Engineer: 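Structure incoming, see below.
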Amino acid sequence: MSVELLSTLASLIIGSLCIAFLALYGFAWMAARKEKSEAITLRDQDNDIVFLFDDEKLVNATVSAQSVLAAAANVGSDWSRLLSVTISKFPTLQKEIIELADRGTLIIESRDGSSVMKCEWRNGLARLTLLDRETEHSHIELDRHSLMAMEHELETLRATTENVPHLVWRELADGTISWANAAYIALADSMVQNGDIPSWPPMSLFDTSRLTNVGAKDSRRLTLKDQNGGTHWFEVFRFEMGGDFLFTANSADHTVKAEETLREFTQTLTKTFSHLTIGLAVFDRNRRLALFNPALTDLTALSVEFLISRPVLTTFLDRLRDSQMMPEPKDYKSWRQEMAALESAAEDGTYQEVWTLPGGMTYRISGRPHPDGAIAFLFEDISAEMSLTRRFRSEIETGQAVLDSLPEAIAVFNSEGMLMMANSAYTSLWGLEQMEGISETSIVEATRIWHSKCAPSPLWNDIREFVSRVGAREEWTGTTRLWDGRRLTCRFAPLPSGQTLVGFAPEARGSAVRLALRPQADSQFVEM
C-alpha cells in the first residue's frame, strides 16, 4: 500500500473516533441535564414543604414552601431568607448543612421535637423537606373566624415590628440571632463592609453578654461604632423568653450629649464657684448634696470626703450641729422642727437667718429654690460686717450720748431737708416725746413746730431756704422769743455732704419776763 493510502485511512479512523466521542459526550450531557431537570421539577401531588437549592439560590419550591418564605426577612440570598424563618426551630441547620454533599442525607430534628428537616443531596442540588410529626394535636381544626382573627393579629404584629423605630431582635441561647425587625436589619446591613452581601443571621451589633445580670426593667448603656469611626449610644433591655432572649435598643445619643453638656456646665459652675468666698451647697430634689464649692469646706469645717459622699440635707445639718457650726438648739425636737421649716422656707426662697456661733463667728444663711425641686444654701461669713456694725452702733450711741449731754438743743438735717438726729434737749424744748416724731420729719414740718412755739419771725423762712441751698454756705445765727418770753438764740451751721446743724440756746426762765398776753399772729414782736 502506498503512503498516501495509509495516511487517508488514518485520518478517517481518527475522525470517526472524534465523532463517536462527541456523540457520547452529547448524550451524557443531555442525560445529566434531563436528570437535573427532573430533579428540579417537583410533582404536582407533592404537598409537603419542599425547597430545592443550588448553592444559596432557590431553584424551586412547593406552594406550601413558598408560603413559608413569604414570612421571611427580606435580607441577602434565598438561603438567608430561609434561615431567617427556620433558625429559631432548627438552630443547627446552618452548621450541619455544610456536610450534606459528603453524607448525602441529613435528618435534623427541631428544638421542640415537633418537626424534622430532611435534607437530601440530589444531582448537585440540596432538597430540603420540612415534615411535621403527627401528635395528638396535629388534626385540630380552626373555624374561619378564629383563623381570620389569628391572621389579623399576625399582620398587626408584623406591621408593628417592621415600623417601630427601635431595634428589636431575638437571640438563641448561644447568641445566634433568630429574628430581628426591619430597624435592626437596616442598621446591621449598613455596618457590612463594602462589597459584602448581607446574609442571615445578621451581624451582632452589641455584646449582649454584658446584660446577663441585668433585670427585665433595667437597661445597660452600650456603644456601637459606625464605619466612619463615630460612636453611638444605645439603652439596651433584655427579656428572657423560654430558652431565648428578646432584646430592645433605644438610641441614647441625645441623652448622652445632654449629660455631657450638663457635666461640662457643672464643671464650669464648679470652677466659677471655686473662687467665691461664699459657701454654696446645692441639694437635688431628693435632698442629696449635688454641688458644693471649696469655700463651703472652709466655712463649715466639714471634710471634703464627707461632702463628696453626697449626704442628705438632714445628715448635713446634723454634722454642722455636731461640729458646732450652727447655733446650739435648746432641745433636739424643736431643732428638728426648725430644720423642717428651714427646708420649706428655702423651697419658697424666703429663708434667711443669721447664725451666731460659739467662737464669735457670725454667718448669714440664705435658702434659694432651684429648678426641678432643688434648693441651694449660701453660707456667708459676716463676722467683720457685724463687728463693724457693732462698732458703728457703739459710735452712734456714744455720739448720741454726747449730744444728749449738751444743754443746747441740736437737730441735724440731711441735704434733702429730712431730720436725721436730735438730742434730748431738742425734744424737751419743743415738747416732743423722746425720739417720737424725729424720723421722717422734714424741715418744713420742723419749722411749723418751731413757729407754733415762738413769736412770729421771718427766721423760719430763712432757715428753710438755707437748708435746701446748694453750694457754699456760711454759718449764721438769729434770735427769736418763745411764747413764755425767753429769748431763743438760733445757730445754723453747714455740715459735710450738704447736711445742716440747727442749734437752739434758750435763756433761763428767771432772766426773762413773761408776756402777759399772746400777740396776734400778724403783730410785731417787741423785745422787753
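Because the structure is a prediction, the values reported are computed rather than measured. In this chain, numbering begins with 1 at the start of the sequence shown.
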Engineer: State whether the number of non-hydrogen atoms from other residues, nucleotides or ligands found under 6.0 Å of Glu474 atom CD is greater than 12.
Structural biologist: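 Counting neighbours around CD of Glu474, 12 or fewer heavy atoms of other residues, nucleotides or ligands fall under 6.0 Å, so no.
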Engineer: Minimum heavy-atom separation for Leu429 to Leu482, with atom names?
Structural biologist: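 Heavy atoms of Leu429 and Leu482 come nearest at CD1-CD1, 4.0 Å.
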Engineer: Hey, what do you get for CZ (Arg464) to CG (Asn461), rounding to the nearest 0.5 Å?
Structural biologist: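 Arg464 CZ to Asn461 CG: 4.5 Å, rounded to 0.5 Å.
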Engineer: Which pair of heavy atoms, one from Phe492 and one from Gly478, lies closest together, and at what distance?
Structural biologist: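 Answer, listing the atom of Phe492 first, then Gly478: CE1-N, 4.5 Å.
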Engineer: Looking only at side chains, do Glu353 and Trp355 share a donor and an acceptor under 3.5 Å apart?
Structural biologist: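 Trp355 and Glu353 do have a side-chain donor-acceptor pair below 3.5 Å.
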Engineer: Taking only residues at least two apart or on different chains, which pairs with a member in residues 287-297 satisfy side-chain hydrogen bond (donor to acceptor under 3.5 Å, both in side chains)?
Structural biologist: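 The answer is Arg287-Glu343, Arg287-Glu347.
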Engineer: Supply the atom-to-atom distance Leu246 CG to Arg238 CZ, rounded to the nearest 0.5 angstrom.
Structural biologist: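 It is 11.0 Å, given to the nearest 0.5 Å.
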Engineer: Tell me the closest heavy-atom pair linking Ala180 and Ile177, and the distance in Å.
Structural biologist: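 That would be CB-CG2, 4.4 Å.
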Engineer: What do you reckon, is CZ of Arg285 surrounded by more than 12 foreign heavy atoms closer than 6.0 Å?
Structural biologist: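 No, not enclosed.
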Engineer: Report the C-alpha separation of Val502 and Cys490 in whole Å, then their side-chain angles, then the decisive distance to 0.1 Å, and conclude whether the side-chain contact (heavy atoms from CB on, under 4.5 Å) test is met.
Structural biologist: CA-CA 7 Å; Val502 179; Cys490 306; 5.8 Å; no
Engineer: State, with a plain yes or no, whether a side-chain heavy atom of Trp483 is found less than 4.5 Å away from one of Ser452.
Structural biologist: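 When only atoms from C-beta onward are counted, Ser452 and Trp483 do not touch, as no gap falls below 4.5 Å.
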Engineer: Donor-acceptor pair, distance only, cut-off 3.5 Å: does the side chain of Thr300 make one with the backbone of Leu296?
Structural biologist: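 Yes, Thr300 side chain to Leu296 backbone: donor-acceptor pair under 3.5 Å.
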Engineer: For atom CD of Glu475, decide whether the heavy atoms of other residues, nucleotides or ligands shown that lie under 6.0 angstrom number more than 12.
Structural biologist: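 Yes - once you tally the heavy atoms of other residues, nucleotides and ligands closer than 6.0 Å, there are more than 12.
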Engineer: Nearest 0.5 Å, please: how far is OG1 in Thr277 from CG in Asp381?
Structural biologist: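 So the gap between those two atoms works out to 8.5 Å.
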Engineer: Quick one: CG on Leu187 to NE2 on His232, what's the gap to the nearest 0.5 Å?
Structural biologist: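 With rounding to 0.5 Å, CG (Leu187) is 8.5 Å from NE2 (His232).
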Engineer: Which of parallel (below 30°), tilted (30 to 60°) and perpendicular (above 60°) describes Trp450 and Trp460?
Structural biologist: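 The rings of Trp450 and Trp460 sit tilted, inter-plane angle from 30° to 60°.
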Engineer: Classify the ring geometry between Phe239 and Phe237 as parallel (under 30°), tilted (30 to 60°) or perpendicular (over 60°).
Structural biologist: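 Taking Phe237 first and then Phe239, their aromatic rings lie parallel (interplane angle under 30°).
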Engineer: Can you find a pair of side-chain heavy atoms, one from Trp430 and one from Phe504, that are under 4.5 Å apart?
Structural biologist: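 In short, these two side chains touch, coming nearer than 4.5 Å.
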Engineer: The test is salt bridge (Lys or Arg N to Asp or Glu O under 4.0 Å); show your working for Glu465 and Arg469 and say whether it passes.
Structural biologist: CA-CA 6 Å; Glu465 188 274 334; Arg469 183 185 306 167; 2.7 Å; yes
Engineer: Could you check whether any side-chain heavy atom of Arg319 comes within less than 4.5 Å of a side-chain heavy atom of Met326, counting everything from C-beta outward?
Structural biologist: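 Result no, sub-4.5 Å side-chain heavy-atom pair not found.
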Engineer: Would you confirm whether Arg310, through its side chain, and Leu289, through its main-chain N or O, come within 3.5 Å as a donor-acceptor pair?
Structural biologist: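 Indeed, once roles are kept as given, a pair shorter than 3.5 Å links the two residues.
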Engineer: Over 60° means perpendicular and under 30° means parallel, so tell me whether Phe306 and Phe316 are parallel, tilted or perpendicular.
Structural biologist: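 Answer is parallel, since the angle falls under 30°.
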Engineer: Could you give me the CA-CA distance, side-chain angles and deciding distance for Thr500 and Arg473, then say whether side-chain hydrogen bond (donor to acceptor under 3.5 Å, both in side chains) is met?
Structural biologist: CA-CA 10 Å; Thr500 304; Arg473 298 179 297 171; 2.7 Å; yes
Engineer: Indicate the atoms forming the closest heavy-atom contact of Val412 with Leu419, along with that distance.
Structural biologist: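 Closest pair (atom of Val412, atom of Leu419, distance): O-CD1, 3.4 Å.
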Engineer: For the side chain of Asn181 and the backbone of His166, is there at least one donor-acceptor N/O pair under 3.5 Å apart?
Structural biologist: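 Judged by distance alone, yes, a pair lies under 3.5 Å.
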Engineer: Short question: side chain of Gln400, backbone of Ala422 - any donor-acceptor pair under 3.5 Å?
Structural biologist: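 Judged by distance alone, yes, a pair lies under 3.5 Å.
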Engineer: Using a 4.5 Å cut-off on heavy atoms from C-beta on, say whether the side chain of Arg221 contacts that of Thr255.
Structural biologist: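 A side-chain contact exists here, since the closest heavy-atom pair is under 4.5 Å.
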Engineer: My understanding is that only one of Trp179, Trp169, Phe234 makes a ring-ring contact (aromatic ring centres under 6.0 Å, His included) with Tyr184; could you say which?
Structural biologist: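 Exactly one option meets the ring-ring contact (aromatic ring centres under 6.0 Å, His included) with Tyr184, and it is Trp169.
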Engineer: Hey, can you tell me if Phe377 and Phe283 have their rings parallel, tilted or perpendicular (30° and 60° cut-offs)?
Structural biologist: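 Perpendicular, since the angle between the ring planes exceeds 60°.
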Engineer: Working to the nearest 0.5 angstrom, can you tell me the gap between Glu260 CD and Arg263 CZ?
Structural biologist: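 Interatomic distance, Glu260 CD to Arg263 CZ, rounded to 0.5 Å: 6.0 Å.
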Engineer: Taking all atoms of both residues into account, what is the closest heavy-atom pair of Pro407 and Ala425, and its distance?
Structural biologist: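 Smallest heavy-atom distance, with atoms named: O-CB, 3.7 Å.
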Engineer: Among all residues two or more places apart in sequence or in another chain, which pass the side-chain hydrogen bond (donor to acceptor under 3.5 Å, both in side chains) test with Arg491?
Structural biologist: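 Once residues adjacent in sequence are excluded, the partners of Arg491 under the side-chain hydrogen bond (donor to acceptor under 3.5 Å, both in side chains) criterion are Glu408.
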Engineer: How about Ile382 and Glu380: do any of their side-chain heavy atoms sit closer than 4.5 Å?
Structural biologist: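 Yes - at least one pair of side-chain heavy atoms lies under 4.5 Å apart.
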Engineer: Please tell me if the side chains of Leu432 and Tyr426 come closer than 4.5 Å, counting only heavy atoms from C-beta onward.
Structural biologist: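 Sidechains of Tyr426 and Leu432: in contact.
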Engineer: Please report the shortest heavy-atom distance between Leu302 and Ser323, naming the atom on each side.
Structural biologist: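 For Leu302 versus Ser323, the nearest heavy atoms are CD2-OG, 4.3 Å.
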Engineer: Report yes if some heavy atom in the side chain of Glu305 is under 4.5 Å from a heavy atom in the side chain of Ile308; otherwise report no.
Structural biologist: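 No, side chains not in contact.
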Engineer: More than 12 non-hydrogen atoms from neighbouring residues, nucleotides or ligands closer than 6.0 Å to CZ on Arg111, yes or no?
Structural biologist: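 Yes - once you tally the heavy atoms of other residues, nucleotides and ligands closer than 6.0 Å, there are more than 12.
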Engineer: Yes or no on side-chain contact (heavy atoms from CB on, under 4.5 Å) for Leu224 and Met191, after CA distance, side-chain angles and deciding distance?
Structural biologist: CA-CA 10 Å; Leu224 177 66; Met191 303 292 291; 4.1 Å; yes
Engineer: Assess whether side-chain contact (heavy atoms from CB on, under 4.5 Å) is satisfied between Phe379 and Leu320, documenting all intermediate values.
Structural biologist: CA-CA 12 Å; Phe379 294 77; Leu320 287 179; 4.1 Å; yes
Engineer: Between Leu488 and Lys453, is the side-chain contact (heavy atoms from CB on, under 4.5 Å) condition met? List the steps.
Structural biologist: CA-CA 11 Å; Leu488 186 64; Lys453 303 290 185 179; over 6 Å; no
Engineer: Once rounded to the nearest 0.5 Å, what's the spacing between atom CE of Met421 and atom CD1 of Ile410?
Structural biologist: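 So the gap between those two atoms works out to 9.0 Å.
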Engineer: Does Leu307 reach the side chain of Val304, with side-chain heavy atoms less than 4.5 Å apart?
Structural biologist: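 A side-chain contact is absent here, since even the closest heavy-atom pair is not under 4.5 Å.
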